[in-house]
Chemist: 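One structure is given below, represented as structure tokens, and several questions about it will come after.
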Amino acid sequence: MAPKNSEASTNSKMVMNKGAWTGEEDRKLAEYIEVHGPKRWKTVAMKAGLNRCGKSCRLRWLNYLRPNIKRGNISDEEEDLILRLHKLLGNRWSLIAGRLPGRTDNEIKNYWNSHLSKKINKKEKNLQSVQLHRTASPKTCEAVAAGQETVEESSKGAAIRSLASM
DNA sequence: AACATTTGCAACCGCGTGCTG
DNA sequence: ACAGCACGCGGTTGCAAATGT
């Protein structure tokens with residue numbers, strides 16, 4: 001895959017750092033934000049003396065350097081909340097993260113993709129095999145599933161609207 | 001021990017939206 | 001009304017560590 005960078009490409013001579021952040025870069029970013037605050041990321045990147053694009057700085061701050069960030073060890077309560085919110089909101093990771101203090105959307109998205117989606121797939125497969133044994137025709141199953149989907153979609157919309165407006 | 005495969009997470013990318021001049 | 005910019009989001013990728021053969 002050819003590397004692209006929309007912000008970096010605005011200055012053809014400038015080659016931005018990419019990949020993992022070093023301790024030194026973290027320190028520079030944190031020090032700058034402590035003084036000037038987390039805004040104008042392009043300026044932050046330049047003024048902090050970081051050869052990074054603004055986007056990269058923003059992401060690093062939000063997902064790693066920001067104070068009060070919880071890392072790892074997602075508790076059973078948090079997992080349960082994620083599952084319920086995902087059922088309600090779908091892949092609205094930032095909204096879900098907003099309900100979990102100290103957690104980032106990226107962390108929740110990663111957790112979902114690597115842990116929960118598998119769990120759910122397993123559950124669904126189990127459920128399907130049970131249903132196939134119990135119910136009459138596959139068409140009945142489809143009809144039932146479609147009906148549930150419609151109801152879920154409408155409540156999803158209401159939930160997103162109410163959370164987004166907060 | 002050596003290699004292959006899988007997993008988990010940090011970071012990147014493209015796109016949509018809102019703000020500003 | 002419009003263009004350009006900055007920001008935020010969700011999807012995807014890259015890679016090191018862990019695990020399996």
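Within every chain, numbering begins at 1; the chains are lettered A, B, ... in the order of the sequence lines, protein sequences first and strands thereafter.
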Chemist: Answer with base, sugar-phosphate or nothing: what part of the nucleic acid does A/Asn113 contact at a heavy-atom distance below 4.0 Å?
Modeler: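 The answer is base, as A/Asn113 lies within the cut-off (heavy atoms under 4.0 Å) of a base atom.
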Chemist: Between A/Lys70 and A/Glu78, does at least one N-O distance fall below 4.0 Å, as a salt bridge requires?
Modeler: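 Result for this pair is yes, salt bridge flagged.
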Chemist: Return the minimal non-hydrogen interatomic distance between A/Ser56 and A/Trp21, and the atom names on each side.
Modeler: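 Minimum heavy-atom separation between A/Ser56 and A/Trp21: OG-NE1, 3.4 Å.
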Chemist: Mind checking A/Arg58 for me? I need base, sugar-phosphate or nothing, with any heavy atom below 4.0 Å counting as a touch.
Modeler: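 It contacts base atoms.
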Chemist: Does A/Glu34 have any side chain to side chain donor-acceptor pair (under 3.5 Å) partners at least two apart in sequence or in another chain, and if so, which?
Modeler: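 Once residues adjacent in sequence are excluded, A/Glu34 has no partner under the side chain to side chain donor-acceptor pair (under 3.5 Å) criterion.
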Chemist: C/dG10 C1' sits how many Å from A/Asn106 CG, rounded?
Modeler: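 About 10 Å, once rounded to whole Å.
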Chemist: Dump the pairs, protein N or O against N or O of nucleotides 19-21 of chain B, anything under 3.5 Å, distances to one decimal.
Modeler:
none

Chemist: How long is the line joining CZ of A/Arg92 and P of C/dG8, in whole Å?
Modeler: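 Result: 16 Å.
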Chemist: How close do A/Tyr32 and A/Ala48 get, counting heavy atoms only, and between which atoms?
Modeler: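 So the two residues come closest at CB-CB, 3.7 Å.
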Chemist: Hey, is A/Arg27 close enough to A/Glu24 for a salt bridge, meaning N to O under 4.0 Å?
Modeler: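 Salt bridge between A/Arg27 and A/Glu24, a charged N being under 4.0 Å from a carboxylate O: yes.
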Chemist: Could you please name the option among C/dG11, B/dC13, C/dA6 that lies closest to any side-chain atom of A/Trp93?
Modeler: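 So the side chain of A/Trp93 is nearest to C/dG11.
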Chemist: Among the candidates B/dA11, C/dG10, C/dA6, find the nucleotide nearest to the side-chain atoms of A/Trp21.
Modeler: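 Of the options given, the side chain of A/Trp21 lies nearest B/dA11.
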Chemist: Check whether the side chain of A/Lys55 and the base of B/dG14 form a donor-acceptor pair under 3.5 Å.
Modeler: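 Per atom types, the contact qualifies.
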Chemist: Does B/dC12 have OP1 or OP2 under 4.0 Å away from a side-chain N or O of A/Ser56?
Modeler: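 The answer is yes; a side-chain N or O of A/Ser56 sits under 4.0 Å from OP1 or OP2.
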Chemist: Is it the case that atom CZ in A/Arg40 sees more than 12 heavy atoms from other parts of the structure closer than 6.0 Å?
Modeler: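 Open: at most 12 neighbouring heavy atoms sit under 6.0 Å from CZ of A/Arg40.
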Chemist: B/dA11, OP1 or OP2 - any side-chain N/O from A/Arg60 closer than 4.0 Å?
Modeler: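 The answer is yes; a side-chain N or O of A/Arg60 sits under 4.0 Å from OP1 or OP2.
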Chemist: For A/Ser94 and C/dC9, is the shortest distance between a side-chain N/O and OP1 or OP2 below 4.0 Å?
Modeler: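 Checking A/Ser94 against C/dC9: at least one side-chain N or O falls below 4.0 Å of OP1 or OP2.
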Chemist: Report the distance from atom NZ of A/Lys39 to atom C1' of C/dC5, rounded to the nearest whole Å.
Modeler: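 So the NZ-C1' distance, A/Lys39 to C/dC5, works out to 17 Å.
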Chemist: Counting the atoms with a prime plus P, OP1 and OP2 as sugar-phosphate, which does A/Asn110 contact under 4.0 Å by heavy atoms, base, sugar-phosphate, or nothing?
Modeler: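 Counting heavy atoms under 4.0 Å across all strands, the contact made by A/Asn110 includes a base.
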Chemist: Please determine whether the number of non-hydrogen atoms from other residues, nucleotides or ligands lying under 6.0 Å from atom NZ of A/Lys39 exceeds 12.
Modeler: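 No, not enclosed.
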Chemist: Check every strand shown and say whether A/Lys109 touches a base, only sugar-phosphate, or nothing at a heavy-atom separation below 4.0 Å.
Modeler: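 Contact class for A/Lys109: base.
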Chemist: Atom CH2 of A/Trp112 to atom P of C/dG11: distance rounded to whole Å?
Modeler: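 Interatomic distance, CH2 of A/Trp112 to P of C/dG11: 12 Å.
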